[in-house]
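Inspection log for the structure reproduced underneath, given as structure tokens.
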Amino acid sequence: MKPIQVGLLGIGTVGSGTFNVLRRNQEEIRRRAGRGIEITMVADLDTARAQAVVGEGVQVVGDARAVIANPGIDIVVELIGGYGIARQLVLEAIEAGKHVVTANKALLAVHGTEIFAAAHRKGVMVAFEAAVAGGIPIIKALREGLTANSIQWVAGIINGTTNFILSEMRDKGLDFDVVLKEAQRLGYAEADPTFDIEGVDAAHKVTLMSAIAFGIPVQFDKAHVEGITKLAAQDIRYAEQLGYRIKLLGITKRTAKGVELRVHPSLVPAKRLIANVEGAMNAVMVSADAVGTTLYYGKGAGSEPTASAVIADLVDITRLHTADAAQRVPHLAFHPEAILANEGDLPVLPMGEVVTSYYLRLRVADEAGVLAKVTGIVAALGISIDAVLQREASEGENQTDLIILTHDCVESRMNDAIAQMQALPTVLAPITRIRKEELN
Ligand code: HSE
């Protein structure tokens, strides 16, 4: 059978990885897919560099629309990124009847509903394994491997840049700003790291996992997004003393009222495997009713790890594109009509309705009755304390840090407690609140 023809839009890090792995493993991939898969056309603004990557046998153009317009191309791989021109090109490729593979989490988390609806109408596939956790096949696991289960929650370290920074802060006892500069110098963090350090990249990814896990539309606009920029080295130290590590988690959880969808730094028990995921690595934990808890670990970025996910999608499409569109694996795991039906029953909850536990650090005057007042406020609101740590005040100091770990309570009640504690004259600085996830 004639090889399936692939057109790449953009041939940077992931695109060249895709080209190289596909060429290196072409025979094995052909035997798995049932026919050859060939990149025959590439669009990139830098045509000379692109041609140098792919060699003479592949047509290189400067205009992405020339790839979409080529009737010989079966699958368009979008590796441009962002939601400007990439959105337009993906919609045009779908309209032209092409299947699409993309690594673009931002695009799908924000415009996924429009893109999947267009693909459904045209009977083409949009595959996006590479959009979440790079080389880890987590989309496949959630959508297919765990299809027998009712999924309860998903929690992941899904941003390598921030995990690298947190690992360095813990190992070296350094503050965020210092480690960020070092990470940029070493090339671990981008020159503009905003999306990574503010939690936006992780929120894009957990939005996609949430949709697949629970059969709801992609709703990035409803996600609670908090990054790591305000984390202090001392909180990492205190957490350690209490048996926890601090990780930036993307969390989505099914509750009786709806779906929690949130990204924020979290204390995680140090004994959990996921707490020991260090450096730029990614890991995703899934809790489901039949299988229990499963953990997926690997490289969340990089040329060939991400290419591994892109090519897995190319193989899937090659295997499935002759199947009746209604019989294919649905884009978001659930059939579109089921997603629509779920929308009302499973709303994404506002952060005030999220239930979790907390780490609080209070800078307090070291005098009689302070602890009683603070714990009195917490008790009056029905919040149960799990542990308290009070650092001995250094000699000559008349203030100290008071650390409180709580059991689960609803976030709105914790907001009340923090406001009341903050108003005490003996609380001397803004209270630090970090959420805590036991993940059991
Ligand atoms: N910037 C991301 C990270 C990789 O640091 O994990 C691409 O999503």
Side-chain angles (χ1 to χ4, degrees), residues 10-18 77-83 86 101-112 127-139 142 154-169 176 179-210 212 218 220 223 225-229 231 246-251 263-266 274 277-285 296-313:
I11 188 155
T13 310
V14 177
S16 12
T18 302
V77 181
E78 182 275 309
L79 299 170
I80 297 168
Y83 20 61
V101 173
T102 178
N104 191 337
K105 58 232 92 180
L107 174 67
L108 294 181
V110 177
H111 298 292
F128 54 96
E129 183 65 70
V132 181
I136 305 175
I138 187 63
I139 298 298
L142 286 170
V154 180
I157 296 171
I158 42 181
N159 183 270
T161 305
T162 45
N163 202 53
F164 173 81
I165 293 173
L166 291 177
S167 299
E168 290 288 291
M169 286 174 75
F176 170 79
V179 178
L180 174 63
K181 283 207 184 77
E182 182 65 0
Q184 283 173 311
R185 198 182 60 78
L186 293 171
Y188 283 107
E190 313 232 0
D192 178 3
T194 316
F195 263 32
D196 291 318
I197 61 179
E198 297 293 358
V200 179
D201 175 72
H204 288 147
K205 294 167 181 166
V206 74
T207 297
L208 292 172
M209 292 197 287
S210 181
I212 291 176
V218 281
F220 172 70
V225 189
E226 224 179 288
I228 62 166
T229 53
L231 268 185
I246 298 182
K247 295 290 181 189
L248 183 71
L249 291 186
I251 300 170
V263 171
H264 50 70
S266 310
I274 198 167
V277 171
E278 300 288 6
M281 300 304 280
N282 281 200
V284 181
M285 265 177 107
Y296 310 82
Y297 169 85
K299 288 188 178 151
S303 178
E304 293 206 355
T306 312
S308 162
V310 169
I311 296 169
D313 281 344

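Computed over heavy atoms, backbone and side chain alike; hydrogens, waters and symmetry mates excluded. Just follow the structure's listing: the first ligand is 1, and inside any ligand the first atom is 1.
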Next item on the list: For side-chain contact (heavy atoms from CB on, under 4.5 Å), just list the numbers for Leu208 and Val218, CA-CA rounded to whole Å, side-chain angles, deciding distance to a tenth of an Å, and then say yes or no.
Entry: CA-CA 6 Å; Leu208 292 172; Val218 281; 3.7 Å; yes
Checklist line | Asp196/Phe164 under side-chain contact (heavy atoms from CB on, under 4.5 Å): CA gap, chis, key distance, verdict | finding: CA-CA 11 Å; Asp196 291 318; Phe164 173 81; over 6 Å; no
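Expressed to the nearest 0.5 Å, how far CG of Leu231 lies from CG of Leu166 amounts to 6.0 Å. To the nearest 0.5 Å, atom CG of residue Leu249 and atom CD of residue Glu226 are 12.0 Å apart.
The two residues Ala189 and Thr161 have their closest heavy-atom pair at CB-CG2, 3.7 Å. Of all the heavy atoms in Val263 and Gly250, the pair that sits closest is CG2-CA, 3.9 Å.
Aromatic ring orientation, Phe220 versus His204: tilted (interplanar angle from 30° to 60°).
When heavy-atom distances to ligand 1 are checked against a 4.0 Å cut-off, Asp196 comes that close only through its side chain, counted from C-beta outward. In Thr162, neither the side chain nor the backbone holds a heavy atom less than 4.0 Å from any atom of ligand 1.
Note: no N/O pair closer than 3.5 Å links Ile158 and ligand 1 by distance alone. The N/O atoms of Glu190, backbone and side chain alike, include none that comes under 3.5 Å of an N/O atom in ligand 1. The shortest N or O to N or O distance between Asn282 and ligand 1 is not below 3.5 Å.
Nearest to atom 5 (O) of ligand 1 among the protein's heavy atoms is Thr161 OG1, 2.5 Å. In terms of protein heavy-atom proximity, atom 7 (C) of ligand 1 is closest to Lys105 NZ, 3.4 Å.
The ligand atoms of ligand 1 that sit less than 4.0 angstrom from a heavy atom of Gly160 are 3 (C), 5 (O), 6 (O). Atom numbering of ligand 1 starts at 1 in the shown order; those under 4.0 Å from a heavy atom of Asp201 are 2 (C), 8 (O).
In the candidate list Ala301, Gly81, Ala103, Ala301 is nearest to atom 4 (C) of ligand 1, counting heavy atoms.
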